[in-house]
Amino acid sequence: MAWTAPHTYLADEPLTADQLNNDLYYNMLETMPAKATNDLTDNPLFFYISGNNTIVGRERGYQFIKNIGTRTSFTFGDCTEFVGPTVSLTTGTKALIMWGCQPATTSNSSSTGDHETQMGYTVSGASTKAAEEERSLMFMQGVASVKTHMGFSQWDMRTDLTPGVNTFTCKYRARNFDVANSTGEWRWPTLIVIPL
Amino acid sequence: MVWTSPITFVDGSALTASQLNTMIRDNLLETAPAKSSLDAIGGYFVTEGYNQIGVRKPSLSNVYDTTDESYFIEGQFGDPIANMAKTPPESGPSVTCQTGTTAMVLISTGFLVTGGGTTPVTDPDNQRSLVVGVEVSGATTIPATEKQALVCYSLLPTAPSNTLVFRFTNVQAGHVLWFDNLNPGENTFKMVWKIGSKVGSDDGKATIRRRKMLVMPF
């Protein structure tokens, strides 16, 4: 049952079971404590508006990979050493995705050797979204003979998800403008997804 | 109306319409589902006072320009400016929304800051910087500050020679800012820029693109 506007009671009006069931039974079942059905104390629900007179409790997801990944391709894909981080959870149409790592640029010995690394994400499951440069964490430097590690983070707000169980997975790509088959490096990647 | 503490019912006491309206109708209208609407999907609830909750909605704004170059006033936060007959890119993004005293602001941008070209830079003071901050106006006036900003310095001198052919830094990344001193009401958050450049003929120039801002008021 959905939440309905409560009845206005009048003096001398008979009190009916329907009135009490609508106001005290069904409406109470739509409140936060009634929807607090998750007893996982380490991942409490946050409540969001999901429609007219409707709220929903949603879990957030997180994964950290304590490893260093590499990839030798300028097509978005997985690192050789691992897949992810990956988060699967139930979403509505909206989610805030936040991720970060320490990408490294590696360069050749010429005076150019501009190197670029990107870390984006895909969505699979109820929705299918490809990784995009426009939404990725990007680090590019034009510097010779130097390898630079820097900690960065990025976020994206999606408003185009198909409600259901969606899986978010970080993807990587790298290139050097002067050297074919250049390898990118990403250290200790983290992914957090907050459905709204 | 405000939520009121429910009475304790007593056997033999007459149940009145006033009690039912206060305890059931009015209190139900102060609960989360009563305050939920289609135009606030993705919104969430915060306390606004004793026994009082309110809805807050995240607000997103994008400026997805493809401008190659932008000019800025050196050493001072502001909008992109016209320079050398070039039309400046759109300012912002900015977000206006209802807040309480606190808001989390996420910003993201692509930015390219050039270094000293192909000539080795020997002076560590010759660094080029771009600072991306957020200013608040409306119910609250807070200037942008480098203490809460996304910052890029493009020259990284290396010891011992301090000679490094450093051509540019190009980053697309995000940053999070936290404001806990807002005046409740309608506040406007705007992304602003400050550049510091002392190298070559490119003074005041940087490239910005794919700018976005998300404000989550509390």
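Quick note on labels: first sequence line is chain A, next is B, and so on, each numbered from 1.
Taking both residues in full, the closest heavy atoms of Val171(B) and Phe139(A) are given as CG2-CD1, 3.8 Å, listed atom of the first, atom of the second, then distance. For Glu30(A) against Pro33(B), the heavy-atom pair with the smallest separation is O-CG, 3.5 Å. Shown here for Ala40(B) and Ile49(A), the closest heavy-atom pair between the two residues is O-CB, 3.4 Å. When all heavy atoms of Gln154(A) and Ser108(B) are compared, the closest pair comes out as OE1-OG, 2.7 Å. Across all their heavy atoms, Met216(B) and Leu96(A) have their closest contact at SD-CD2, 3.9 Å. Annotation for Phe47(A) and Phe45(B): closest pair O-CD1, 4.2 Å, computed over non-hydrogen atoms.
Looking at Asp156(A), both its backbone and its side chain come within 4.5 Å of chain B, counting heavy atoms on both sides. Contacts between Leu10(A) and chain B at a heavy-atom distance below 4.5 Å involve the backbone alone (N, CA, C, O). For chain B, the nearby part of Thr54(A) is the backbone; its heavy atoms alone come within less than 4.5 Å. Proximity to chain B involves both the backbone and the side chain of Ser136(A), based on heavy atoms less than 4.5 angstrom apart. Within the 4.5 angstrom heavy-atom criterion, only backbone atoms of Ser50(A) (N, CA, C, O) approach chain B. Residue contact with chain B, scored on non-hydrogen atoms closer than 4.5 Å, involves the side chain of Met98(A) exclusively.
Under the side-chain contact (heavy atoms from CB on, under 4.5 Å) criterion, Gln102(A) pairs with His149(A), Arg187(A), Trp188(A), sequence neighbours left out. With sequence neighbours excluded, the residues satisfying side-chain contact (heavy atoms from CB on, under 4.5 Å) with Ser91(B) are Asp79(B), Pro80(B), Lys190(B).
When the shell of 6.0 Å around OH of Tyr25(A) is examined, it contains 12 or fewer heavy atoms from other residues, nucleotides or ligands.
The distance from atom OH of Tyr9(A) to atom OG1 of Thr22(B), rounded to the nearest 0.5 Å, is 12.0 Å. For the atom pair CG (Leu60(B)) and OG1 (Thr159(A)), the distance works out to 7.5 Å, reported to the nearest 0.5 Å.
Put simply, of Ile24(B), Val55(B), Thr31(B), the one with the most heavy-atom pairs under 4.5 Å next to chain A is Ile24(B). Options Lys35(B), Met213(B), Gln19(B) differ in how many heavy-atom pairs under 4.5 Å they form with chain A, and the most are formed by Met213(B).
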Inset, instruction - Apply the test salt bridge (Lys or Arg N to Asp or Glu O under 4.0 Å) to residues Arg210(B) and Glu133(A): give CA-CA distance (whole Å), side-chain angles for both, the deciding distance (0.1 Å), then the verdict. - result: CA-CA 10 Å; Arg210(B) 296 172 184 159; Glu133(A) 177 177 314; 3.2 Å; yes
